[in-house]
Amino acid sequence: MASKGVAAVEFATEDEVARAVEDLSEPQLARLLRAATLRARALTAYGLGTDGNDLLQEAMVRTLAGTRRWKRGVPFETHLHSTVRSICSHAPGELEPGMVVATAAEHPSAPEAAELLAASGDAARSLAVKEELDEIRRRFEGDDQMLLLIDALGEQMKGPEIQQLLEVTVTQYESLMTRLRRAVDRKKGWR
Amino acid sequence: MSKLTASTRLAALMNALADHTEHASDADILGDVPHGRDERKAAATAVRSILQGAIKTFRSERRRKAAEEHVLAVGRLAAHRAKLPASTADRRALLGSVVGKRPQMPEGMTLQFRNFASLSDADVESALKQLDALGMLQDDEGSDQDGEP
């Protein structure tokens, strides 16, 4: 009885979800789509055709259906980001082969699974993915620090480790990440 | 030379940038958009529409499923052939007996059947069929056999 009461208080209702969507600000909506689009790009690298819109829609469906409920007290934007991450990394069994993604902090085993699936992917896709990586690198030709950052992120290194490698402060690292993010974000067709 | 495939490296890069995006400030994220205020507003409206569309789809899907369930339930009720007394007087008596013996019957149902005089023969038959589908007629027969008052 007590647990039922707690559950009722703990999770938002469907109407509250609808109101929370209304209340999302322009920057919040922009942030949600950008992050989801980048995660969709990660999935596409494994051969799954999806986009940021699809992921956000799926996050909403899971929230409403109760498979990923929104806990009161958690900002709704945070909940949606975390649900999109969950879709990409927590349930490989529910997804198409290759839709396993390495959000390394959450799932240390994910990179290995992703590696296996990626290895079984077709050669054409691998070539296309390699071309994408090369294209990103070409944008920063001559900028050794940025190229090193791209390689380090691709090697699944984390912030502090990369800062040490690049010999930069946290602020400088953040600034490099913002530059890289904007460059990748503005690539045609990735929005 | 990396041991990781290009797919894994690209995915890791994109996920790292997504993580970074999640923590970007409002000013930073709006600075990413090389457009004017109207375009930003239109982009935000488009994302909101996607989220609202998901709510709408979810709700209409639920309504559709509920309607399907209702049709199935009505079908089951119609298919159920109750063994009712042949005469209308006996049917009325049976309904009175069932309702009278069941104070625990749902309130709405009890109210519905309280004034038997106002019920048509068809209403009585329909009510008995509903009770039979709920298994309440069999229970009633069982109670009689057990010698309950």
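The basis for the numbers below is simple: all heavy atoms, side chains too, and nothing from hydrogens, waters or symmetry mates. Chain letters run A, B, ... following the sequence lines, proteins first and then strands; every chain starts at 1.
For A:L149, no part lies near chain B; criterion is any non-hydrogen pair under 4.5 Å. Of the two parts of A:A65, the backbone and the side chain both hold a non-hydrogen atom closer than 4.5 Å to a non-hydrogen atom of chain B. Heavy atoms of B:A16 lying under 4.5 Å from chain A belong to its backbone as well as its side chain.
Among residues 15-28 of chain A, the residues having any heavy atom closer than 4.5 Å to a heavy atom of chain B are, in sequence order, A:D15, A:A18, A:V21, A:E22, A:D23, A:L24, A:E26, A:P27. Using non-hydrogen atoms only and a strict 4.5 Å limit, no part of residues 140-148 of chain A faces chain B.
Closest of all the heavy-atom pairs between A:A45 and B:S7 is O-OG, 2.9 Å. Between B:A6 and A:S126, the shortest heavy-atom contact is CB-O, 4.4 Å.
For chain A, the option among B:E61, B:H23, B:K41 with the highest count of heavy-atom pairs below 4.5 Å is B:K41. Among B:A44, B:A18, B:S25, the residue making the largest number of heavy-atom pairs under 4.5 Å with chain A is B:A18. Your options are A:E174, A:K130, A:M157, and the one with the most heavy-atom pairs under 4.5 Å with chain B is A:E174. For the options B:A54, B:A46, B:G53, heavy-atom pairs under 4.5 Å to chain A are most numerous at B:A54. Residue with the most contacts toward chain B among A:A36, A:G154, A:G159: A:G154 (heavy-atom pairs, distance under 4.5 Å).
Counting only heavy atoms from C-beta outward, the side chains of B:D26 and A:R31 approach each other to under 4.5 Å. Using a 4.5 Å heavy-atom threshold, the side chains of B:L10 and A:T44 count as separate. In this structure, A:R34 and B:E22 have side chains that are not in contact, with every pair of non-hydrogen atoms separated by 4.5 Å or more. A:Q156 places a side-chain heavy atom less than 4.5 Å from the side chain of B:L4. In this structure, A:R39 and B:T21 have side chains that are not in contact, with every pair of non-hydrogen atoms separated by 4.5 Å or more. At a threshold of 4.5 Å between non-hydrogen side-chain atoms, the residues A:V129 and B:T5 do not count as touching. A 4.5 Å side-chain heavy-atom check between A:L29 and B:T45 finds every atom pair outside the cut-off. Inter-residue side-chain proximity for A:T178 and B:H20 is flagged as met; some heavy-atom pair is nearer than 4.5 Å.
A salt bridge between A:E14 and B:R59 is present, with a side-chain N of the basic residue lying under 4.0 Å from a carboxylate O of the acidic one. Between B:R9 and A:E132 there is no salt bridge, since no side-chain nitrogen of the basic residue lies less than 4.0 Å from a carboxylate oxygen of the acidic one. Electrostatic pairing of A:R181 and B:D19 does not count as a salt bridge here, judged by no charged N lying under 4.0 Å from a carboxylate O.
Criterion: ILVMFWY side-chain heavy atoms under 4.5 Å apart, direct or through other members. Under it, A:L38 and B:I50 are not part of a common hydrophobic cluster. One hydrophobic cluster, built from ILVMFWY side chains closer than 4.5 Å, holds both B:F58 and A:F76. Linking ILVMFWY residues whenever their side-chain heavy atoms come closer than 4.5 Å, directly or via other members, leaves B:L51 and A:V61 in distinct clusters.
To the nearest 0.5 angstrom, B:L17 atom CG is 11.5 Å from A:R41 atom CZ. Going from atom OG1 of B:T57 over to atom CE of A:M60 covers 10.0 Å, rounded to the nearest 0.5 Å. Note that the CG atom of B:L13 and the CG atom of A:L180 stand 6.0 Å from one another [nearest 0.5 Å]. For the atom pair CE of B:M14 and CG of A:L43, the computed distance is 11.5 Å after rounding to the nearest 0.5 Å. Remark: A:E155 CD to B:K3 NZ distance equals 10.0 Å, nearest 0.5 Å. One distance of note links CD1 of B:I29 with CZ of A:R182; it measures 8.5 Å at 0.5 Å rounding.
Residue A:Q172 qualifies as enclosed at atom CD: its count of foreign heavy atoms under 6.0 Å is above 12.
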